[in-house]
There are 2 protein chains.
Amino acid sequence: MRISTKAQYAVRAMVSLSLHGEGKPLALHDIATREAISLAYLEQLFVKLRRGRIVKSVRGPGGGYVLARPAVEIRVDEIIDSVEESLVPVSCMDDKGRCVCGDQCVSHAVWQGLGERVRQFLSSITLADLTRDAANKARTVLSDEC
Amino acid sequence: MRISTKAQYAVRAMVSLSLHGEGKPLALHDIATREAISLAYLEQLFVKLRRGRIVKSVRGPGGGYVLARPAVEIRVDEIIDSVEESLVPVSCMDDKGRCVCGDQCVSHAVWQGLGERVRQFLSSITLADLTRDAANKARTVLSDEC
DNA sequence: AGCATACCCGAGTAAAACTGTCAATTAATT
DNA sequence: AATTAATTGACAGTTTTACTCGGGTATGCT
């Protein structure tokens, strides 16, 4: 079981946008250099984030991306949902979470339960939470261990 | 984020072993046919399960695998640990879960928290729980939906 | 108008991971 | 000795990931 860098990038980029954007459009170029993520790859992610109604785009010079909603209303599971197929896909379930296996699926309940726990946890965290933490960390960055 | 079939196979195989073994060694061949998993692949998994002290091997004719401990003392997270590298690996952490990234790791706490939740959940389920469920399911298998 | 900025989009690609197979070995029982 | 069955390492096909590339299109500024 693993978390893709795609999801990690998306969350990091959103924190960066929330932290340095402050209402004004922030260009992907800024996020890319600040977070050391490839610009072309970030573009891909933000297309999905826009389709997921997490951000809005502003075209033209001086343009960039803005949060589609206040940071308090953006949950981490929404960010990951926009960027990845599903939160906890298991081979014995189809797209709607229905089990398509025969009688051999005794451990089905485990994966389903796990998926619910994961979603519950990730939906309990908002972008505002992460942004606040990041701001605190930046303030005490001098001699701090990670 | 996803759960590998490797982990699913391992759990299913362990349930099968616990259900049909009953103290006597059960050959991988039996599990393979019953669960419709490739024998050669099961071999790989059981090497790891043995190293993880989840099962014991009995060589020679009539041999096979036996639970290393009572099913009540085998937790699901232990099974997955034996078979996979780590439960929730994230690129910014090293083997021991320590963060090796610089100041760019604002979302670290999210993944760490998620990992703890996942482990907490999976460690609350024992092989005995799954075996009991499987036995119940087998008894009412006639007209049941999965 | 023309140009620079910045988003938009599809296709392609190299590397990694996943999912297995194969062959050869070791060891215990009959 | 022959047979059964676990043990091991190397290897191969496929899929996914993590990008890059090459162009577009919208917008604002001079």
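All chains are named by letter (A, B, ...) in the order of the sequence lines, taking the proteins before the strands, and each is independently numbered beginning at 1. All values below come from the heavy atoms of this structure, side chains included, with hydrogens, waters and symmetry mates left out.
Atoms CD1 (Ile3(A)) and P (dA16(C)) sit 21 Å apart, rounded to a whole Å. Per the geometry, CG belonging to Leu45(B) stands 10 Å off P belonging to dT19(C), to the nearest Å. Between Tyr41(A) atom OH and dA14(C) atom C1' the separation is 14 Å, expressed in whole Å. Between Leu42(A) atom CG and dA6(C) atom C1' the separation is 13 Å, expressed in whole Å. One atom, CD of Glu35(B), and another, P of dT19(C), lie 17 Å apart when rounded to the nearest Å. Atom CZ of Arg50(B) is separated from atom P of dA5(D) by 18 Å (rounded to the nearest Å). One atom, CD of Gln44(B), and another, P of dT19(C), lie 11 Å apart when rounded to the nearest Å. A straight line from CG of Leu39(A) to C1' of dC8(C) spans 12 Å, rounded to a whole angstrom.
When the nucleotides dT19(C), dG9(D), dA18(D) are ranked by their closest atom to the side chain of Arg2(B), dT19(C) comes out on top. Residue Arg51(A) has its side chain nearest to dC9(C) when only dC9(C), dA18(D), dC7(C) are considered. Listed nucleotides dT21(C), dA6(D), dC7(C) differ in distance to Ala40(B); the shortest reach to its side chain belongs to dT21(C).
Ring geometry for Tyr65(A) against Phe46(A) counts as tilted: the plane angle lies between 30° and 60°, on a 0 to 90° scale.
Distances shown here put every side-chain N or O of Ser57(B) at or beyond 4.0 Å from the OP1 or OP2 atom of dA6(D).
With a 6.0 Å radius and a threshold of 12 heavy atoms from other residues, nucleotides or ligands, His29(A) has its NE2 atom at or below the threshold.
Here the side chains of Arg117(B) and Val118(A) are not in contact, with every heavy-atom distance at 4.5 Å or above.
The 5' end of DNA chain D is approached more closely, in terms of each residue's nearest nucleotide, by Ser38(A) than by the other of Ser38(A) and Pro61(A). With the nearest nucleotide of DNA chain D identified for both Tyr9(A) and Leu28(B), Leu28(B) has the one nearer the 5' end. Where Glu84(B) and Gly63(A) each meet DNA chain C at their nearest nucleotide, the meeting point lying more 5' is that of Gly63(A).
Judged by atom type and distance alone, Arg59(A) does not reach the base of dT5(C) through any side-chain donor-acceptor pair under 3.5 Å. Put simply, the side chain of Glu43(A) and the base of dT20(D) share no donor and acceptor less than 3.5 Å apart.
Val58(B) forms part of a hydrophobic cluster together with Val66(B), judged by ILVMFWY side-chain heavy-atom separations under 4.5 Å.
Across all non-hydrogen atoms, the minimal contact from Ala13(B) to Leu42(B) is CB-CD2, 4.0 Å.
In this structure, Phe46(A) reaches neither bases nor backbone, as no heavy-atom distance under 4.0 Å exists between it and the strands shown. Within the 4.0 angstrom heavy-atom criterion, only backbone atoms of the sugar-phosphate kind lie near Ala27(A); the bases stay farther away.
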